Each structure stands twice: as C-alpha cells, then as structure tokens.
Number of protein chains: 2
Amino acid sequence: MTRKRFENPGCSVACALNEVGDWWSLLVIKQAMLGTRRFVDFQHSLGIAKNILCDRLSRLVENGVLVRVDVGEHGTRYEYRLTDKGRDLFAVVVALRQWNERWNGSKDDMRLVERGTGEPVGAVSVQNSAGEPLGVRDVLFVDENGQPLDRAV
Amino acid sequence: MTRKRFENPGCSVACALNEVGDWWSLLVIKQAMLGTRRFVDFQHSLGIAKNILCDRLSRLVENGVLVRVDVGEHGTRYEYRLTDKGRDLFAVVVALRQWNERWNGSKDDMRLVERGTGEPVGAVSVQNSAGEPLGVRDVLFVDENGQPLDRAV
DNA sequence: TGTATTTGGTTTCTTATTGCAACCTAATTC
DNA sequence: GAATTAGGTTGCAATAAGAAACCAAATACA
C-alpha cells in the first residue's frame with residue numbers, strides 16, 4: 001500500500017508535508033543550511049543510510065528544494081545546493097529549533113546570530129501587521145467568503 | 001529494524017522532529033488548531049487509519065503536545081486538546097502553510113486573519129531584534145565559543 | 001424496555017519503507 | 001599500478017503503515 005501522500009490540494013500544510021514532511025528531509029535541508037553540499041558529508045553528518053539519502057536527495061531535487069550541480073571535471077562529483085525555495089524553509093527550521101528549546105530544554109550545539117551584529121536572532125512567531133506576536137487563539141480561520149469556522153482551541 | 005529516532009541531543013531540529021516530525025503528527029496538530037477534539041472527527045477530517053490515529057494521539061499525549069480529557073459521564077468519551085506546548089507549534093504550522101503557498105501556489109481552503117481586526121496575518125520569518133526579516137544568508141551558525149562554523153549556502 | 005448506533009479502540013493481514021551491508025563503476029590519489 | 005573515494009544500486013530482514021474486521025461500553029432511538 002502506498003503511503004498516503006497528502007495530495008489534498010485544499011490543505012497547504014498537507015501539501016508542504018508531502019514535500020518535506022518525512023523523517024529525513026528537513027534534517028537534510030537543515031544540514032544544507034549549515035553548508036553541507038556533498039553526498040558523503042550528508043551521509044556522515046546525519047548518519048543516514050545511503051539508499052535513503054539517495055531517495056531523499058532525488059526527491060528534494062525533483063521538488064525544486066535542492067539542485068544537483070556537477071562539480072567534477074568528468075561527471076562523477078556532484079554538489080547538492082539549496083534553491084531559493086529551499087532557503088525559504090529557514091523560518092520553518094528555526095521555528096522547530098526554537099520550539100524544541102523552549103519545551104524540551106535541550107541545548108543545541110550551535111547558536112544562531114545575525115551576521116552583521118552577532119546578536120542572537122529573535123523568536124519566530126506569527127505576527128499581525130504591527131509586528132505583534134499572535135497565538136493560535138488570536139486568529140480566526142475563515143473560509144473563502146470570510147466566514148469564520150467554528151472553533152475552540 | 002527500528003526507525004532511527006533522532007535522539008541526537010546536539011540537534012534541536014532532530015529532537016523536535018522526533019516528537020512531531022512524522023507524516024501525520026503535524027496534520028493532527030493543525031487539525032486540533034482548527035478546533036477538532038474528538039477521535040472520530042480527527043479520523044474523518046484527516047482520512048487516517050484508526051490504528052495510526054491511536055498511535056499518533058497517544059504519542060502526542062505522551063510528549064505533552066495534547067492532553068486526553070474525559071468528557072463522558074462514565075469514561076468512554078474523550079477529547080484531545082492542545083496543551084500550551086502544542087499551541088506553541090502555531091508558528092511552525094503557519095510557516096509551512098505560507099511556504100507552500102509561496103512556492104506551490106496551491107490555494108488553501110481557508111485563510112488566516114487576526115481575530116480582532118480581520119486583517120490577514122503577516123509572513124512568518126526569522127527576524128533580528130529590530131524586527132527585520134533575516135534569510136539564511138543573513139545569519140551565522142556559531143559554536144558554544146561564538147566561533148562561526150564555515151559555511152557557504 | 002429492547003435494539004441500533006456511536007465511540008474509541010484492538011487485532012489481523014498485506015504492503016511499503018527503513019536500515020544495513022555488500023557490491024559496483026568511474027575518477028582520483030598514492 | 002594499486003588503493004581509495006564518490007556516488008550510487010541491489011538484496012535482505014525488520015519494522016511501520018493502511019485497510020478492514022472485530023469488540024465492549026455507552027448512548028440514542030423506538
């Protein structure tokens with residue numbers, strides 16, 4: 001039985017998870033954000049099986065999250081580089097990181113600072129137009145007609 | 001062979017994915033944010049197999065993302081409600097939603113607006129202390145001593 | 001009161017995916 | 001010229017997923 005891929009075109013979260021929602025993809029992307037580009041480096045830093053890494057890299061390339069660039073003179077050295085689409089997952093990765101640090105208290109080996117100033121980056125949050133953070137209770141989910149969906153979280 | 005659970009305590013992203021990084025968990029959480037609380041409602045709205053739903057709900061309860069509340073008089077009616085920890089995944093869910101809409105252009109059935117004003121919520125992003133958005137190229141990953149890790153993304 | 005249905009599961013069975021290890025080919029290094 | 005490296009592919013055993021059947025307690029329905 002094929003694992004359900006969330007083709008449901010009515011749910012953006014499902015569609016996003018369809019591309020990057022499996023066990024390894026987001027870790028591959030995070031590692032790419034750290035500068036990893038080569039097959040063997042992904043393999044060693046993540047401790048992932050080679051066939052699974054092959055599969056994930058191919059799928060991420062198919063989906064336009066990574067590009068495979070030929071860097072050898074004669075075609076057996078490749079680099080996997082983030083595309084704009086891939087780099088745009090930065091907020092997702094950082095939000096996950098911060099969530100884990102807030103609730104599981106595990107200290108990551110590395111910190112994230114602004115390149116220019118060296119200041120730590122702020123907390124990733126949903127915001128209104130004034131830049132004030134919004135929790136899930138501060139928003140409404142509305143349908144195409146602007147009618148709010150009943151809800152109590 | 002047991003699927004690798006990312007116990008690696010040195011990586012927050014891996015730890016976070018260990019709790020909510022499988023195919024269904026984030027969809028269950030998103031659905032809970034929409035107000036779904038009952039087993040059958042999760043089942044029908046997500047189209048998930050009952051045994052898998054059981055497993056995911058139990059795991060999310062174990063990890064403190066949901067609580068199981070007895071709402072029947074005599075103990076066979078339950079509700080699964082988000083905890084503070086679960087609600088705090090809001091930024092992750094919205095970031096994924098927005099990423100998909102930016103890059104895959106699929107229109108979600110529902111829109112997200114601020115409860116008070118009815119205005120659409122802003123784009124979730126990593127920011128510096130001044131509230132300016134930061135891309136992955138605008139930050140440095142530094143180790144415990146503040147030394148930047150070599151990197152070119 | 002008696003029957004049907006709903007709820008929240010568990011069990012069984014089949015299929016898919018994972019992880020490991022072995023292997024493989026072209027290119028590089030020694 | 002031999003050994004190693006890069007980037008895979010293949011085969012196998014173990015695990016997880018999905019569908020469907022089943023089940024007990026509680027509720028709704030007549």
Side-chain angles (χ1 to χ4, degrees), chain A residues 1-8 14 17-28 31-32 35-63 65-81, chain B residues 1-8 14 17-29 31-32 35-63 65-82:
Chain A
M1 229 134 295
T2 301
R3 194 208 55 238
K4 284 200 176 179
R5 312 223 82 127
F6 310 116
E7 300 297 346
N8 179 357
L17 290 174
N18 204 24
E19 295 196 353
V20 297
D22 67 303
W23 286 102
W24 285 110
S25 292
L26 269 179
L27 281 184
V28 168
Q31 198 62 39
T36 300
R37 294 176 163 190
R38 302 294 290 269
F39 188 93
V40 281
D41 295 334
F42 283 109
Q43 205 198 323
H44 295 140
S45 58
L46 295 174
I48 183 176
K50 293 169 82 174
N51 51 350
I52 305 298
L53 179 57
C54 264
D55 181 77
R56 292 306 179 275
L57 289 173
S58 307
R59 187 124 54 86
L60 291 171
V61 169
E62 262 178 50
N63 288 330
V65 173
L66 299 174
V67 269
R68 187 169 110 142
V69 180
D70 191 333
V71 295
E73 311 285 298
H74 303 89
T76 55
R77 294 296 190 279
Y78 304 103
E79 281 188 0
Y80 294 88
R81 296 185 192 161
Chain B
M1 228 129 292
T2 302
R3 195 207 55 237
K4 282 200 177 177
R5 312 224 81 128
F6 311 116
E7 301 297 346
N8 178 358
L17 290 174
N18 204 25
E19 294 196 354
V20 298
D22 67 301
W23 286 104
W24 285 110
S25 292
L26 269 179
L27 280 184
V28 168
I29 291 160
Q31 198 62 39
T36 300
R37 295 176 163 191
R38 303 295 290 270
F39 188 93
V40 281
D41 295 333
F42 282 110
Q43 203 198 322
H44 294 141
S45 58
L46 296 175
I48 183 177
K50 293 170 83 175
N51 50 352
I52 305 299
L53 179 57
C54 265
D55 180 76
R56 291 307 179 276
L57 289 172
S58 307
R59 187 126 52 86
L60 291 170
V61 168
E62 262 178 50
N63 288 330
V65 174
L66 298 174
V67 269
R68 188 168 109 142
V69 181
D70 192 332
V71 295
E73 310 285 299
H74 304 89
T76 55
R77 294 295 191 279
Y78 304 103
E79 282 188 357
Y80 295 88
R81 297 183 193 163
L82 285 169

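Naming: A, B, ... by sequence-line order, numbering from 1 per chain. Owing to the predicted nature of the structure, the values given are computational and were not obtained by experimental measurement.
The distance from atom CD1 of B:I48 to atom P of D:dA16 is 16 Å, rounded to the nearest whole Å. D:dA17 atom P lies 7 Å from atom CG of B:D22, rounded to whole Å. One interatomic measurement links the two molecules: CD1 of A:I52 to C1' of C:dT17, which rounds to 7 Å at whole-angstrom precision. What separates CG of A:L53 from P of D:dT10 is a distance of 17 Å, to the nearest Å. If you measure from atom CH2 of B:W23 to atom C1' of C:dA16, you get 12 Å, rounded to the nearest angstrom. Summarising the geometry, the separation between CG on A:D55 and P on D:dG7 is reported as 17 Å, rounded to the nearest angstrom. Going from atom CG of B:L27 over to atom P of D:dG18 covers 11 Å, rounded to whole Å. Taking atom CG of A:L57 as the reference point, atom P of D:dT9 lies 11 Å away to the nearest angstrom.
Partners of B:R81 according to the side chain to side chain donor-acceptor pair (under 3.5 Å) rule, which considers only residues two or more places apart in sequence or in another chain, are B:E79.
For B:R77, the listed nucleotide lying nearest its side chain is C:dT7; candidates were D:dA19, C:dG19, C:dT7.
Side-chain nitrogen and oxygen atoms of B:R56 include at least one within less than 4.0 Å of the OP1 or OP2 phosphate oxygen of D:dA17. Between B:W24 and D:dG18 there is a side-chain polar atom (N or O) within less than 4.0 angstrom of OP1 or OP2. For B:R68, no side-chain nitrogen or oxygen approaches OP1 or OP2 of C:dT7 to under 4.0 Å. One finds a side-chain N or O of A:Y80 lying less than 4.0 angstrom from the OP1 or OP2 phosphate oxygen of D:dG8.
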task: Go through B:F42 and B:I48 one step at a time and tell me if the side-chain contact (heavy atoms from CB on, under 4.5 Å) criterion holds.
output: CA-CA 8 Å; B:F42 282 110; B:I48 183 177; 5.5 Å; no
- request: Apply the test side-chain contact (heavy atoms from CB on, under 4.5 Å) to residues A:V61 and A:V67: give CA-CA distance (whole Å), side-chain angles for both, the deciding distance (0.1 Å), then the verdict.
  value: CA-CA 5 Å; A:V61 169; A:V67 269; 6.0 Å; no
- prompt: side-chain contact (heavy atoms from CB on, under 4.5 Å) between B:R37 and B:Y80: does it pass, once the steps are laid out?
  reply: CA-CA 5 Å; B:R37 295 176 163 191; B:Y80 295 88; 5.8 Å; no
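Put simply, the side chain of B:S58 gets close to the backbone of B:C54: a donor and an acceptor are under 3.5 Å apart.
Residues from residues 36-43 of chain B lying near DNA chain C, meaning a heavy-atom separation below 4.0 Å, are B:R38, B:F39, B:V40 in numerical order.
Side-chain contact between A:V28 and A:T36: absent, with no pair of heavy atoms (C-beta onward) separated by less than 4.5 Å.
Sorted by first then second residue, the salt bridge (charged side-chain N to carboxylate O under 4.0 Å, His left out) pairs that include residues 38-57 of chain A, not counting sequence neighbours, are A:D22-A:R56, A:D55-A:R59.
Among the heavy atoms of the strands lying under 4.0 Å from B:N51 is at least one base atom, whether or not backbone atoms are also near.
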